[in-house]
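The chain is numbered in sequence order, starting from 1. Atoms within each ligand, like the ligands themselves, are counted from 1 in listed order.
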Amino acid sequence: MSPCSSQGPRSFEPGTSASQGFSSVFLSRQSRKSTSHAEDKESTMSDSEGYRNPTEVQMSQLVLPCHTNQRGELSGGQLLKWIDTTACLSAERHAGCPCVTASMDDIYFEHTISVGQVVNIKAKVNRAFNSSMEVGIQVASEDLCSEKHWSVCKALATFVAQRDLSKVKLKQITPQTEEEKTEHGVAAERRRMRLVYADTIKDLLANCVIQDDLESRDCSHMVPAEKTRVESVELVLPPHANHQGNTFGGQIMAWMENVATIAASRLCHAHPTLKAIEMFQFRGPSQVGDRLVLKAIVNNAFKHSMEVGVSVEAYRQEAETHRRHINSAFMTFVVLDSNDQPQLLPWIQPQPGDGERRYREASARRKIRLDRQYIVSYKQAELALSVSWDPSNQVYLSYNNVSCLKMLVAKDNWVLSSEVNQVRLYTLEDDKYLSFHLEMLVHVDAAHAFLLLSDLRRRPEWDKHYRSVELVQQVDEDDAIYHVISPPLSGDPKPQDFVILASRRKPCDNGDPYVVALRSVMLPTHPETPEYRRGETLCSGFCFWRQGDQMTKVSYYNQATSSFLNYVTTNVAGLSSEFYNTFKACEQFLLSNRNDLAPSLQTL
Ligand code: COA
Ligand code: ADP
């Protein structure tokens, strides 16, 4: 199996010319793309007969004037409250006990929602871990007069189950549909990213060099950030909390959005619209009787958007000096004109010290957010094939690498094309790609097979399409970048080379496979050279499922493109046995090496 190839029929893995496709997720009302009633049946919350996820909870709300801002649009805070409540009820349906919001991933609002429209919210548990669950939420709006529907946003929240404030062991979710299987698989990877989020952002901020022009700017045209500072207090009352007295996460988010909106309004002297919320975490609980002090300020204003930061501290009346920092969030606002086009914003003059630090960090966060939004996007076909590897995107590229493979694995329209010597070849066609996977049972331990095949340096031992492999960078324990040289394709005098990110993941729980995901990246230290033809792979890799003692189902997946079609179809039609021979060589390699237990295997 060659790492991949862009043109020829020889190798296992294809190249693509996938175009880079990042488009802003925020659309003003003017540019809304509405869907017809018929087309959008799926995105409406109306339930068709048949299967329904047992954890699914739906909420529909008519937007009344009391829910709206001065623009007659549903306020972000109210929407966050409804999102959190729906998600919490879904989590509690699965857990069978009270749950608290631990975190909420980035939310990008695609549309505003007007008074008189209906908001439809649907939430379901994607995956349960130990005591925590990932809940996926879809928000759509509906115009009752025109019967049109719009997707407003998608959100992912993590809830933690608590029974009498003690730890709960949740039952696992068994996904049924392809969509559920995909979400279930990818949720493990998202959790991994979430748990290191705070450290990742801290590292990125520390290492991000921001070129700002603060000194050269004309101060007379700048608004001092100090003018936007807001401080507000809230008393947590019983209606703000669940029956255990814990403040609802959505209520806190709504209070935060309120102070952030005031800060944003002080900069632009207009009515701003919430565009995005950065992933945030509820660091600790607050209860009925607590006072919450919310502080907000505009950290930075860009051309058409601004970042407002909010921090929340809780204290009891009897111990005012003992304040607990329970939350911080960063929200992006825009100011829309009467045609719903974003208006130019004034520059901000930060305060020396913390103000200047936050100003620079807001710029860095903006870059990180754009990278993340682009790379983490589900639209892998639109993601440039070889994305440049740099410190600001490496966590997200690893995520993308693993999640693309997991999504391919979860597809439910794989067709068995042939079976030779107990090696099964499956194919899958969609509008852009022909994918295939090979599968066999091998008498070897799953963890061992995983270790042997995750080290690409050993691949030349069984795959003649890998002539030599150099480890370029060990990114962390589970991610590494390799430079691979492959023999030339027929008719081409030049050998091929590939720069491949290999991301390996152990199972998150029983039933999960071991995964080794492979994709091309661009590394500044390894540019294309005249000596080699640069090949690329979009999505390929191995999965290992334990099938009893010392028996493993080994699968190799590859998402092929049209340029690769000939090679795949030649194999599928039985005109070439190269797939089988290579995979059989892989089996032989695993069997021959099954006894040389690496010390690191003990920890798997
Ligand atoms: N994002 C997602 N999950 C998180 C998380 C985060 N930022 N922090 C912790 N978790 C998960 C852990 O992965 C773990 O999941 P698992 O049991 O499935 O493996 C679970 O939460 C418990 O983690 P643990 O380390 O034992 O607990 P903790 O001391 O970090 O507490 C909370 C986590 C969420 C319970 C705690 O921070 C809290 O009470 N926060 C406030 C919650 C709240 O009141 N929300 C409403 C608004 S105030
Ligand atoms: P950081 O200062 O690193 O950004 P914090 O959690 O302390 O992180 O604060 C989060 C955000 O809350 C800040 O970026 C800022 O926008 C806002 N904030 C914090 N403290 C204040 C304050 N005293 N007054 C106004 N806004 C504040």
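- Within the 4.0 Å heavy-atom cutoff, E307 does not count among the residues contacting ligand 2.
- Regarding atom 39 (O) of ligand 1, its nearest protein heavy-atom neighbour is P285 CD, 3.6 Å.
- Between K154 and D105 there is no salt bridge, since no side-chain nitrogen of the basic residue lies less than 4.0 Å from a carboxylate oxygen of the acidic one.
- In terms of protein heavy atoms, atom 15 (O) of ligand 1 is closest to S132 OG, 3.0 Å.
- Of the N and O atoms on the side chains of Y399 and Q394, not one donor lies less than 3.5 Å from an acceptor on the other residue.
- Counting atoms of ligand 1 from 1 in the listed order, those under 4.0 Å from a heavy atom of T101 are 42 (C), 43 (C), 45 (N), 46 (C).
- For atom 40 (N) of ligand 1, the closest heavy atom belonging to the protein is F282 O, 3.0 Å.
- Residue contact check: I252 has heavy atoms under 4.0 Å from atoms 47 (C), 48 (S) of ligand 1.
- Taking only non-hydrogen atoms, the option from A198, S103, A102 nearest to atom 34 (C) of ligand 1 is A102.
- In summary, R369 and D106 do not engage in a salt bridge, as defined by a charged side-chain N under 4.0 Å from a carboxylate O.
- By the neighbour-count criterion of 12 heavy atoms within 6.0 Å, atom NZ of K169 is densely surrounded, having more than that number from other residues, nucleotides or ligands.
- Heavy-atom distances between E231 and ligand 2 stay at or above 4.0 Å for every pair.
- Taking the ring centre of Y315 as origin, the terminal cationic atom of R324 falls outside the region bounded by 6.0 Å and 45° from the ring axis.
- Side-chain contact check for C404 versus L408: every heavy-atom pair is 4.5 Å or farther apart.
- Judged purely by distance below 3.5 Å, without hydrogens or angles, the side chains of N120 and Q58 never pair a donor atom with an acceptor atom.
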Carefully, step by step, assess E307 and N299 under the rule side-chain hydrogen bond (donor to acceptor under 3.5 Å, both in side chains). CA-CA 6 Å; E307 182 197 276; N299 285 336; 2.9 Å; yes
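- Of the polar atoms of K167, at least one N or O is found under 3.5 Å from an N or O of ligand 1, judged by distance alone.
- One option in L195, T158, V100 has a heavy atom closer to atom 5 (C) of ligand 1 than any other, and that option is L195.
- Here is the list of ligand 1 atoms found below 4.0 Å of a heavy atom in T247: 46 (C), 47 (C), 48 (S).
- With salt bridges taken as basic N to acidic carboxylate O contacts below 4.0 Å, none links R93 and E56.
- Between F450 and V516, the closest side-chain pair of non-hydrogen atoms falls below 4.5 Å.
- Compare R358, E313, M331, R357 by their heavy atoms: the one nearest to atom 3 (O) of ligand 2 is in R357.
- Not a single heavy atom of I326 lies less than 4.0 angstrom from ligand 1.
- Looking at R190, R283, H240, Q281, it is R283 that brings a heavy atom closest to atom 37 (O) of ligand 1.
- Geometrically, R504 does not engage Y514 in a cation-pi contact, judged by NZ or CZ lying under 6.0 Å from the ring centre and within 45° of the ring axis.
- Here the heavy atom of the protein found nearest to atom 41 (C) of ligand 1 is G284 C, 3.3 Å.
- Note on ligand 1: N246 sits outside its first shell, no heavy atom being nearer than 4.0 Å.
- Here the shortest heavy-atom distance to atom 12 (O) of ligand 2, taken over V310, N327, D354, belongs to V310.
- In this model, a donor atom of one side chain and an acceptor atom of the other lie less than 3.5 Å apart for R519 and N400.
- Contacts between S311 and ligand 2 below 4.0 angstrom, taking non-hydrogen atoms only, involve backbone and side chain alike.
- Nearest to atom 26 (N) of ligand 2 by heavy-atom distance, out of G355, A362, A296, is A296.
- Taking a 4.0 Å cut-off on heavy atoms, R191 registers as neighbouring ligand 1.
- Counted by atom type alone, T158 and S132 present zero donor-acceptor pairs between their side chains at under 3.5 Å.
- Backbone and side-chain nitrogen or oxygen atoms of V160 are examined, and none is located within less than 3.5 angstrom of a nitrogen or oxygen of ligand 1.
- Ligand 1 has at least one atom lying under 4.0 Å from a heavy atom of Q162.
- Selection from C88, A161, S131 by nearest heavy atom to atom 16 (P) of ligand 1 gives S131.
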